[in-house]
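See structure below.
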Number of protein chains: 2
Amino acid sequence: MLVATLSDREWWPVPNRNPLTRKLWNFLPLSEPDRTALESLASKEECFASHVDIVAEGSVPRSVFVLLEGMAIRYRNLSDGTRQVITFLIPGDVCDLHVFLLKTMDHSIGTLTPVRIAPVSRDGMMDLFTCHPRVSAALWWSSLQEEAMLRERIVALGRRDARGRIAYLLCELFWRHRAVGLTKGRSFSLPLTQTELGDALGLSAVHVNRILQDFRKHGLIVMERRKLELVSLPGLQKIADFNETYLHFGGAPKELTDYFERLESNR
Amino acid sequence: MLVATLSDREWWPVPNRNPLTRKLWNFLPLSEPDRTALESLASKEECFASHVDIVAEGSVPRSVFVLLEGMAIRYRNLSDGTRQVITFLIPGDVCDLHVFLLKTMDHSIGTLTPVRIAPVSRDGMMDLFTCHPRVSAALWWSSLQEEAMLRERIVALGRRDARGRIAYLLCELFWRHRAVGLTKGRSFSLPLTQTELGDALGLSAVHVNRILQDFRKHGLIVMERRKLELVSLPGLQKIADFNETYLHFGGAPKELTDYFERLESNR
DNA sequence: CGGGAGGTTGAGCATGTTCAAAGGATGTGG
DNA sequence: CCACATCCTTTGAACATGCTCAACCTCCCG
């Protein structure tokens, strides 16, 4: 079934300019004005070097931003010197949609590679919410997806063994990259060290290493030069007891698309 | 410092009728009309027995609801027969604020005790969002808090040992109960079995048992008849490396309260 | 080339699991 | 009001998964 999905239906012909547009399209098709509005958010750009904090724990939340290129993490440092990676951020991810409601950040956001982001002003955001209901629905969907990913991580950490955790994470990252058009066949760029994987999964780097070796030996994956190929996605998904439902790529419920169509024909 | 907080400042004199009002008040004081509007949501009520599903994984999301009384969990069943408890729901918790954007539930919600909920119609929700900006801000805050709790659980599962995890969970539950006025001194009602604690923390019931015994032996907690007393909150917080910042009980940022005051004086 | 970060290896060890059985508590029906 | 069933807690002992530590290797990149 999965293999069929991958080969049968080629990806929608959405231009690749903006990964956020690409991602939201998975949920809801956007009109031309919607798309223009969304993409004009990314008019300004900022760059960060590799392994640098974009947002620091304890700081006052800054503006919303969209990750355009590169990879980043949300993480927490613990008092014993270890750290926990909470989330991986990939292109198209929106950070902290409504974070102006909070006084301080309870975690940091740091880069893993050089990163390009588009800061979004609060006014820009407000405009989107008031004038572009499809876009705002899609943005809320995206934040629900993020929350679902947090829940899934909890399940992985609580109930899966080391092999299951690693397999799960590789699958999730694959599907997410695919959703923004950043996969080529079964491969995508994954610039993570084994330590970083371990920090995300509650495993030691040594153990991550051994299990990745095992996956390679069994022909499940190929990793070279920061590229990952999932030779057998079904195999990995089986190891992880992975079910991509939680990513909610199935599109918007009919109710909602109907609603928007009525809304738009009434204009 | 913590002890001081607990003893110095007695809790706001908010009537206890509705735990949701109580909780939101921690973030933002509400006007009388705001409060009335919020509490009129709970006009209808539904009851559920103990150990019953309110919402099942795979089902179509039903309406939003507020938990009024009792305790429930979000959880996932895995294919190997185990389950992971993702979140504990206590009175005042709002379920699935914007879940109408999704096609299917990716987890279940089940009761741990008999439970009373107030289903909220979508119109009721919409009314709140359009006519009561303070309430909607507070509801969004509450959903941010939930997300922060998910992140904290990830940190606990990824980086804390069994003692740390259990201590962390007890502290979190204490603070949350306190925020809705359901603590008495250092005690609150906690109708959880050790198996349920284990399912939330990725530990076996046996091990949970041994650690709870250890906590009791060291005079950190007293548990009897489903009541938990945190004899030494500081002690537990130290074991867990717990910092309640992530619960964001500090109130709304000044920017926001200013904004609302301007808004309201302009009327 | 040389330095440094990341990857690989082995061996001993620790934390927490599993399994099985027994001891309370609670609640229900006779 | 007792007897019984059930669920929860407690205990012990063997076991397993994954950690730590320390050393070595390899590939980049300057």
Side-chain angles (χ1 to χ4, degrees), chain A residues 49-52 71 78 80-85 110-114 156-169 189-217 221-228 239-240, chain B residues 49-52 71 78 80-85 110-114 156-169 189-217 221-228 239-240:
Chain A
S50 189
H51 293 277
V52 146
M71 198 156 182
L78 305 215
D80 65 353
T82 62
R83 78 173 175 179
Q84 175 66 35
V85 171
T111 61
L112 294 181
T113 66
L157 291 176
R159 284 288 169 241
R160 300 207 245 259
D161 64 8
R163 302 187 86 218
R165 290 186 207 176
I166 294 179
Y168 135 79
L169 186 55
S189 150
L190 193 68
L192 298 181
T193 66
Q194 298 179 346
T195 304
E196 284 154 356
L197 281 172
D199 283 349
L201 296 173
L203 299 170
S204 69
V206 172
H207 205 60
V208 170
N209 179 285
R210 296 202 231 262
I211 285 169
L212 288 178
Q213 283 182 57
D214 179 79
F215 284 179
R216 269 174 284 176
K217 197 161 50 194
I221 61 172
V222 172
M223 291 181 89
E224 52 188 15
R225 346 181 110 262
R226 324 269 94 173
K227 273 254 171 201
L228 173 66
I239 290 171
Chain B
S50 189
H51 294 279
V52 145
M71 198 157 183
L78 305 215
D80 64 353
T82 62
R83 78 171 176 181
Q84 174 68 35
V85 171
T111 62
L112 293 181
T113 66
L157 292 176
R159 284 286 170 243
R160 298 206 246 258
D161 64 9
R163 302 187 86 219
R165 290 186 208 177
I166 294 179
Y168 135 79
L169 186 54
S189 150
L190 193 68
L192 298 181
T193 66
Q194 298 178 347
T195 304
E196 284 154 356
L197 280 172
D199 283 349
L201 296 173
L203 299 171
S204 68
V206 171
H207 204 59
V208 170
N209 179 283
R210 296 200 230 262
I211 285 170
L212 287 178
Q213 282 181 58
D214 179 81
F215 283 179
R216 268 173 284 177
K217 196 161 49 193
I221 61 172
V222 172
M223 291 180 88
E224 51 188 16
R225 342 183 112 262
R226 324 269 94 172
K227 273 254 174 201
L228 174 66
I239 290 171

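In what follows, every chain begins at residue 1, and chains take the letters A, B, ... in the order their sequences are listed. As a basis for the values below, the full set of heavy atoms in this structure was taken, side chains included, without hydrogen atoms, waters or symmetry mates. Note that the structure is a prediction, hence the values are computed from the model and not measured.
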Nearest-Å distance, CG (B:D80) to C1' (C:dT17)? 14 Å
With a cut-off of less than 4.0 Å, is there a side-chain N or O of A:Q194 near OP1 or OP2 of C:dA5? no
By nearest heavy atom, map A:V206 and A:R225 onto DNA chain D; which one lands nearer the 5' end? A:V206
Among D:dT10, D:dT9, C:dT8, which nucleotide sits nearest the side chain of B:R226? D:dT9
Any side-chain N or O of A:Q213 under 4.0 Å from OP1/OP2 of C:dG7? no
Please confirm whether the backbone N or O of B:A205 pairs with a side-chain atom of B:T195, one donor and one acceptor, at under 3.5 Å? no
4.5 Å side-chain heavy-atom contact, A:L197 and A:L169: yes
Any donor-acceptor pair under 3.5 Å linking the side chain of B:R160 with the backbone of B:R165? no
How close or far is atom P of C:dG7 from atom CG of A:N209, stated in whole angstroms? 8 Å
With nearest nucleotide decided by heavy atoms, which residue, A:L212 or A:R159, maps closer to the 5′ end of DNA chain C? A:L212
CG (B:L112) and CE (B:M71) are apart, to the nearest 0.5 Å, by 6.5 Å
Could you tell me whether the side chain of B:S189 and the main chain of B:K227 form a donor-acceptor pair under 3.5 Å? no
Can you say whether a donor on the side chain of A:R210 sits under 3.5 Å from an acceptor on the base of C:dG7, or the other way round? no
Spacing between B:L197 atom CG and D:dT9 atom C1', to the nearest angstrom: 13 Å
dist A:R163:CZ -> A:L212:CG (nearest 0.5 Å) comes out at 11.0 Å
Nearest-0.5 Å distance that lies between atom CG in B:D214 and atom CZ in B:R210: 12.0 Å
If I take atom CG in residue B:L157 and atom C1' in nucleotide C:dG16, what distance separates them, rounded to the nearest angstrom? 14 Å
Terminal axis angle for the helix from C:dC1-D:dG30 to C:dG30-D:dC1, five pairs an end, nearest 10 degrees: 40°
Within the side chain of B:T113, is there an N or O that forms a donor-acceptor pair under 3.5 Å with the backbone of B:S50? no
Rounded to the nearest angstrom, tell me the gap between atom CG in B:D214 and atom C1' in C:dG16. 14 Å
Protein-nucleotides 15-18 of chain D N/O pairs closer than 3.5 Å?
residue: D:dG18; atom: OP1; partner: A:A162; partner atom: N; Å: 2.8

Say you draw a straight line from OG1 of B:T111 to NE2 of B:H51; how long is it, rounded to the nearest 0.5 Å? 7.0 Å
Send over the distance from A:F215 CZ to C:dG7 P, rounded to a whole Å. 16 Å
Roughly how many Å is it from CE in A:M223 to P in C:dG7, rounded to a whole number? 8 Å
